[in-house]
Amino acid sequence: MKLLITGGTGYIGSHTVVELLSLGHDVVIVDNLVNSSELVLSRIEKITGKMPQFVKADICDRDALNDIFSTYKPEAVVHFAGLKAVGESNDIPLSYYHNNVTGSVVLFEVMAAHNVKNLVFSSSATVYGENNVSPLDETMATSATNPYGRTKLMIEEILFDLAKSDSDWSIINLRYFNPIGAHQSGLIGEDPNDIPNNLLPYVSQVAIGRLAQLQVFGDDYNTPDGTGVRDYIHVVDLALGHIKALETLATLSGCQAINLGTGNGTSVLQIVDGFSHISGTKVPFKIVPRRAGDIATVYANAALAKDVLGWQAERNLTEMLEDTWRWQSTNPQGYTE
Ligand code: NAD
Ligand code: UFG
């Protein structure tokens, strides 16, 4: 299949491109490199023996997207491109709404104009808001607590409306839980621009000595050890979920939301202990007050993905932490020459 991958040089996109190329799909990436490095492309080539086609462009740029659709004639789109930092989205909400929502609408308009109506969209477990009790399933009410989450929810709702208006569309909104890990080669992984917001990149940068100490945001939650519980999922399992979703589009009409998680919860302290063991480095940490907006426990009901996509996560937490550490220890500064 010929596929357009927006945000394909980013963390999840690059791992998905590797799996797609390995299966013989034809891939063109569009990314403006706002949160990724062009070096990813040569790493993908090293892993797969194939260099993906790449266009440096912004998804808000309608002319650039029209050119891409005319030139490459993709049959389906996997839409990863977006800004994703929750805290930053509170500070610059308009940038988030413009980049994520306007950019997505431009992309969907250009898709429609070129009669490309197969789409897999990167949504998030954040759309379950703070009022549902885990395990979270797709029938639960959605809501958002910050501008980033609202962009995901708005895009999902736009896509439900779009599919209702025109039955030619086949759309899957994949709701990711907490992607971690890296490709087993250690050649691609997560490389945040600034100080990481998320737990795993923070822990691994402490272990490699780039950061002094982890702050554990609260140990007074109603969880077994008092720290926050999340559903961590290996990024390669997540990538494989996209392949299954693309295959499923052929037999699906309309728009469906599907969780990609493992169904298991792991606490912050379990991650810290596991990572210390695997890296052979004790990760220093300090308990600090809760982070605003965090909830105690988030994990998926992963049954729908199994039923509809025939997909389930295969990689365990040890593999997730080992692969994170292999990436971080062989690329201590991330993507550099
Ligand atoms: P990432 O930042 O590594 O990748 C996103 C990519 O999109 C980057 O390469 C960035 O340069 C590109 N991009 C951003 N805005 C763009 C624009 N206007 N035009 C072109 N390219 C643009 O993030 P990721 O972790 O790979 O996440 C991919 C998607 O999954 C995002 O939409 C994110 O919101 C969503 N998601 C991520 C997580 C997570 O924890 N990583 C969880 C749930 C959902
Ligand atoms: N945490 C710390 N210290 C840190 C960072 C995180 O203790 O420095 C804790 C958090 O309090 C939380 C857990 O580690 O209990 C995970 O936090 P992350 O920031 O890694 O992930 P979140 O679950 O808060 O959010 C992530 C993405 C969101 C996405 C959501 C989906 O950042 O974009 O998963 O569930 F929406």
Side-chain angles (χ1 to χ4, degrees), residues 7 9-15 33-37 80-97 99-100 122-130 144-153 175-182 188-219 221 227-235 238 261 266-272 275 283-299 320-321 324-325 327-328 331-335:
T9 47
Y11 172 46
I12 304 168
S14 58
H15 287 82
L33 302 177
V34 67
N35 197 37
S36 56
S37 160
F80 294 103
L83 299 174
K84 63 165 183 176
V86 172
E88 184 184 65
S89 79
N90 287 312
D91 300 334
I92 49 167
L94 291 179
S95 301
Y96 271 68
Y97 289 118
N99 193 77
N100 293 7
S122 295
S123 187
S124 168
T126 195
V127 302
Y128 290 111
E130 52 191 0
T145 53
N146 56 69
Y148 164 72
R150 241 175 311 278
T151 69
K152 291 292 165 191
L153 200 47
R175 294 178 176 168
Y176 311 155
F177 282 69
N178 291 59
I180 63 168
I188 56 173
E190 187 169 13
D191 181 22
N193 268 344
D194 303 310
I195 296 191
N197 301 301
N198 295 118
L199 181 64
L200 254 292
Y202 206 106
V203 166
S204 62
Q205 289 193 17
V206 170
I208 201 73
R210 275 173 70 176
L211 296 168
Q213 187 183 48
L214 173 73
Q215 298 192 319
V216 174
F217 298 138
D219 67 350
Y221 286 106
T227 65
V229 166
R230 295 291 182 274
D231 184 340
Y232 296 96
I233 172 167
H234 197 297
V235 67
L238 200 72
T266 304
S267 75
V268 176
L269 290 181
Q270 284 174 318
I271 292 280
V272 171
F275 206 85
V283 175
F285 69 87
K286 178 169 89 179
I287 308 287
V288 300
R290 294 179 180 193
R291 181 171 65 178
D294 275 356
I295 49 183
T297 301
V298 178
Y299 61 93
M320 299 183 212
L321 301 182
T324 302
W325 180 237
W327 154 252
Q328 184 69 72
N331 302 270
Q333 300 301 325
Y335 289 105

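Residue numbers count from 1 along this sequence. Predicted, not measured: the structure shown is a model, and the values here were computed from it.
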Min side-chain heavy-atom separation Val235-Ile12 under 4.5 Å = yes
Got a list of side-chain donor-acceptor pairs under 3.5 Å for residues 85-96, not counting sequence neighbours?
residue, atom, partner, partner atom, Å
Glu88, OE1, Tyr96, OH, 2.4
Ser89, OG, Val86, O, 2.6
Ser89, OG, Tyr148, N, 3.0
Tyr96, OH, Ala85, N, 3.0
Tyr96, OH, Ala85, O, 3.3

ask   = How close do Pro179 and Leu238 get, heavy atom to heavy atom, and via which atoms?
value = CB-CD2, 3.8 Å
Exercise: identify the closest heavy-atom pair between Ala182 and Ile188 = CB-O, 3.4 Å
message = A side-chain contact here means heavy atoms from C-beta on lying under 4.5 Å apart; do Tyr221 and Asp294 qualify?
response = yes
query = Where is the tightest heavy-atom contact between Thr227 and Val216, given as atom of each residue plus distance?
reply = CG2-CG1, 3.8 Å
query = Are any non-hydrogen side-chain atoms of Val268 and Asp219 less than 4.5 angstrom apart?
reply = no
request  = Quick one: pull up CG in Leu211 and CD in Gln205 and give me the separation to the nearest 0.5 Å.
outcome  = 5.0 Å
ask   = Any side-chain heavy atom of Arg210 sitting closer than 4.5 Å to one from Gln328?
value = yes
request  = List the atom of Ala207, the atom of Val283, and the distance in Å for their closest heavy-atom pair.
outcome  = CB-CG2, 4.2 Å
key: Stepwise side-chain contact (heavy atoms from CB on, under 4.5 Å) test for Leu153 and Thr126   = CA-CA 9 Å; Leu153 200 47; Thr126 195; over 6 Å; no
ask   = Given the rule in the side-chain contact (heavy atoms from CB on, under 4.5 Å) test, do Tyr176 and Ile233 qualify, once you have shown the distances and angles that lead to the verdict?
value = CA-CA 8 Å; Tyr176 311 155; Ile233 172 167; 5.8 Å; no
note = Rounded to the nearest 0.5 Å, the CD atom of Glu190 sits from the CD1 atom of Ile180 at a distance of 9.5 Å
note = Heavy-atom closest pair (Tyr11 atom, His15 atom, distance to 0.1 Å) is O-ND1, 2.7 Å
Candidate pair Leu199 and Tyr232, rule side-chain contact (heavy atoms from CB on, under 4.5 Å), full reasoning = CA-CA 10 Å; Leu199 181 64; Tyr232 296 96; 3.3 Å; yes
task = Please tell me if the side chains of Phe285 and Val203 come closer than 4.5 Å, counting only heavy atoms from C-beta onward.
result = no
task = List the atom of Ala212, the atom of Val206, and the distance in Å for their closest heavy-atom pair.
result = O-CG1, 3.9 Å
Please tabulate, for side-chain N and O atoms in residues 191-198, each donor-acceptor pair with protein atoms closer than 3.5 Å (sequence neighbours left out).
residue, atom, partner, partner atom, Å
Asp191, OD2, Tyr335, N, 3.0
Asn193, ND2, Val34, O, 3.1
Asn193, ND2, Asn35, OD1, 3.1

query = If you round to the nearest 0.5 Å, how far is CD of Gln215 from CD1 of Ile287?
reply = 10.5 Å
key: Parallel, tilted or perpendicular, as decided by the 30° and 60° cut-offs, for the rings of Trp325 and Phe275   = perpendicular
ask   = Is there side-chain contact between Thr9 and Ser14, with at least one heavy-atom pair below 4.5 Å?
value = no
